[in-house]
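Here's the structure, in structure tokens; my notes come after.
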Amino acid sequence: MSADVTGVVVRLKLSLLRNGLRQSGGRRAAYIASAVLVLLFAALQLLGLILLRGNAHADTVAVLLVSVLALGWAVMPLFFPGGDETLDPTRLVMLPLRPRPLVRALLAASLVGIGPLFTLCLLTGSVIAVARGAVAYVVGAIGVVLALLVCVALARAVAAANVRLLTSRRGRDLAVLSGLVIAVGAQVVNFGAQRLGSSGLGQLDPAAEVLRWVPPASAIGAVESVSEGSYGVGVLQLAVSAAALVALIAVWSRHLTRLMTSPDGSTLQAVTEGAVRERNSTGLARLLPAGRTGTVMERSLRYVWRDPKTKAAWVTSLAIGLIVPLFNALQGTGSIYFACFAAGMLGIQMYNQFGQDTSAFWMVAMTISSPRDAYVELRGRALALLLITLPYAALVTVLTTALLGNWSKLPEVLGLSFALLGAMLATGAWTSARFPYSIPQDGYKNVAPGQTGLAWISIFGGMIAAALLCAPVIAVTIWLNVSEDGDAWSWLLLPVGSAYGAAVTWLGLRLAAPRTAARLPEILTAVSKG
């Protein structure tokens with residue numbers, strides 16, 4: 001009976017994959033292209049691991065690589081729950097299935113896909129890199145199977161433990177925030193690679209000594225131990241991975257049984273708690289200006305906190321705007337002018353202001369009957385952005401200055417940041433009215449189909465225009481830096497840059513207001529396409 005269930009679930013996984021690819025040619029092309037790229041990358045990694053064979057630090061690289069693989073399998077279900085329809089076992093609640101046969105069936109189905117094949121390639125390459133002798137290869141074959149099953153079981157256990165979260169609004173928020181993890185992770189990897197390039201792989205040996213006893217990396221550590229003649233240690237390391245597999249399957253089975261037999265009261269509880277918080281959330285409105293300006297600011301700030309796509313864009317910009325200047329400063333190769341990156345990242349949030357409202361923009365459009373109404377609307381959105389961006393840009397600049405120890409440049413860089421922010425607010429208000437586009441609420445796309453060109457023109461065209469608007473302040477900065485007496489007058493760039501940024505912002509809002517009022521029907525049509 002369990003064999004029949006396993007076969008049915010595996011065929012179900014293949015049918016879901018096949019039917020998904022039949023939905024559209026674009027989806028099929030995207031899947032094939034991504035599969036080719038992933039497999040090409042896996043082949044290159046496999047070749048690199050084979051070439052690493054015989055290197056003194058090959059075992060260190062293999063153990064760390066498998067540890068990173070396991071971490072990826074653990075977190076991917078949290079950030080990409082829609083990538084595999086079979087990750088949600090609650091869809092099988094009404095079927096007469098017992099937990100143990102279902103666990104075996106879902107485990108077998110999990111081995112179907114590009115992810116397991118990619119993992120298999122890297123595990124095989126890791127074994128080839130460290131194995132020496134026939135016994136080591138036999139242990140390596142066992143270790144590859146154990147490591148792959150541990151990775152898959154880990155992903156399934158995490159998904160089962162968090163399936164209520166993944167199918168809720170908070171789960172969708174978490175999925176959208178995956179861009180932040182990728183962006184931050186890329187910077188961390190870049191920083192680590194640069195440090196390794198200067199110090200060598202030897203500094204990773206202590207971490208590898210610990211991780212070779214942590215499953216599933218312990219399965220690869222067993223191959224290295226057997227290659228050195230430590231058969232008892234190798235068997236023990238394999239046993240650690242096997243025990244981890246048994247424990248993960250037990251945890252997975254327990255969560256699966258609970259999901260299949262207990263009601264879901266999390267949604268009602270979340271709604272009740274949210275209603276209580278809503279009734280008590282009155283402090284924000286009291287701190288904002290009265291009238292339409294304060295209303296627009298409160299609405300914009302609530303979008304930042306509640307809307308998944310808006311929240312993801314803000315959190316990602318905040319993180320990258322801090323990481324880039326600080327990481328470069330920590331490496332000792334950065335410039336204090338990298339602090340302007342923070343203002344630039346947050347200034348992008350002013351672009352496509354009406355697209356962030358999606359179809360709800362019609363309620364805003366009903367309140368705009370004149371250029372004056374449009375100006376107050378744009379001004380409120382700009383002030384809401386400044387409420388976060390001004391102190392944030394100042395904080396990043398101060399931290400970067402402290403790390404570099406170049407305090408004499410602080411007023412200069414702050415003035416340049418504020419001027420850049422003002423220019424981006426001005427161009428963002430204008431492009432929001434001239435090149436609006438829709439942001440789909442479902443999935444991971446940030447631009448509706450057919451509007452990619454508008455998005456490129458709006459963002460990159462606006463950034464180029466902002467750079468041109470900042471040209472006078474940039475020119476003064478360059479002149480003061482090359483002048484003999486420039487250091488004595490560089491502090492003037494703080495008030496000059498601040499005043500220039502405020503003036504440019506005011507001018508941009510004034511010029512964008514009439515166009516916004518005149519193009520309301522076109523804007524509403526453009527932002528409602530998603």
Side-chain angles (χ1 to χ4, degrees), residues 13-14 17-18 20-21 26-55 57-84 87 109-131 140-141 143-152 154-156 158 175 178-197 201 204 207-208 211 216-217 219-220 223 316 320 443-445:
K13 176 69 174 290
L14 294 173
L17 178 60
R18 182 174 59 252
L21 296 178
R27 181 170 182 174
R28 186 163 51 251
Y31 180 84
I32 294 174
S34 61
V36 171
L37 289 176
V38 169
L39 294 179
L40 179 61
F41 182 71
L44 293 175
Q45 292 291 313
L46 177 61
L47 178 61
L49 288 168
I50 294 174
L51 294 176
L52 195 64
R53 178 179 173 82
N55 187 280
H57 301 289
D59 56 328
T60 297
V61 173
V63 167
L64 292 175
L65 179 62
V66 175
S67 301
V68 172
L69 273 176
L71 180 62
W73 276 93
V75 302
M76 283 302 105
L78 297 177
F79 294 119
F80 300 100
D84 184 355
L87 279 175
S110 300
L111 297 175
V112 177
I114 300 176
L117 181 58
F118 175 80
T119 304
L120 180 62
C121 291
L122 266 63
L123 290 174
T124 302
S126 300
V127 169
I128 295 175
V130 301
V144 166
V145 175
L146 274 178
L148 180 60
L149 291 177
V150 167
C151 288
V152 173
L154 178 60
R156 287 289 179 173
V158 171
S178 60
L180 171 63
V181 176
I182 295 173
V184 174
Q187 294 296 328
V188 172
V189 169
N190 179 49
F191 179 70
Q194 293 182 4
R195 291 292 299 271
L196 287 178
L201 293 173
L204 296 178
L211 291 175
I220 304 302
V223 180
T316 303
I320 297 179
Y444 305 102
K445 294 181 178 179

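Sequential numbering from 1 along the given sequence is applied to the chain's residues. Being a predicted model, the structure only gives us computed values, none of them experimental.
None of Val66, Thr60, Leu64, Ile220 except one satisfies the side chain to side chain contact (heavy atoms under 4.5 Å, CB included) rule with Leu211; the exception is Leu64. Applying side chain to side chain contact (heavy atoms under 4.5 Å, CB included) to Leu120 and the options Val145, Leu111, Val144 leaves one that passes, Val144.
Minimum interatomic distance between Asp59 and Val130 (heavy atoms only, all atoms of both residues): CA-CG1, 3.5 Å. Among all heavy-atom pairs drawn from Trp73 and Ala155, the shortest one is O-CB, 3.3 Å. For the pair Leu49 and Ala129, the tightest heavy-atom approach, listed with the atom from each and the gap, is O-CB, 3.3 Å. Taking each heavy atom of Ser67 and Ala217 in turn, the nearest pair found is OG-CB, 3.4 Å. Between Ala208 and Val63, the shortest heavy-atom contact is O-CG1, 3.9 Å.
Side chain of Arg53 to backbone of Ala58: no donor-acceptor contact under 3.5 angstrom is found.
Contact check for Phe118 versus Leu69: side-chain heavy atoms found under the 4.5 Å cut-off. When side chains are defined from C-beta on, Val158 counts as touching Leu154, because their heavy atoms get closer than 4.5 Å. Taking the side chain as every heavy atom from C-beta outward, Cys121 and Phe41 never approach each other to under 4.5 Å.
Rounding to the nearest 0.5 angstrom, the gap separating the OG atom in Ser126 from the CD1 atom in Ile50 is 10.5 Å. Distance OG/Ser110 to CG/Leu148: 10.0 Å, rounded to 0.5 Å. One finds the CG atom of Leu47 at 11.0 Å from the CG atom of Leu52 (value rounded to the nearest 0.5 Å). Taking CG from Leu51 and CD1 from Ile128, the interatomic distance works out to 11.0 Å, rounded to the nearest 0.5 Å.
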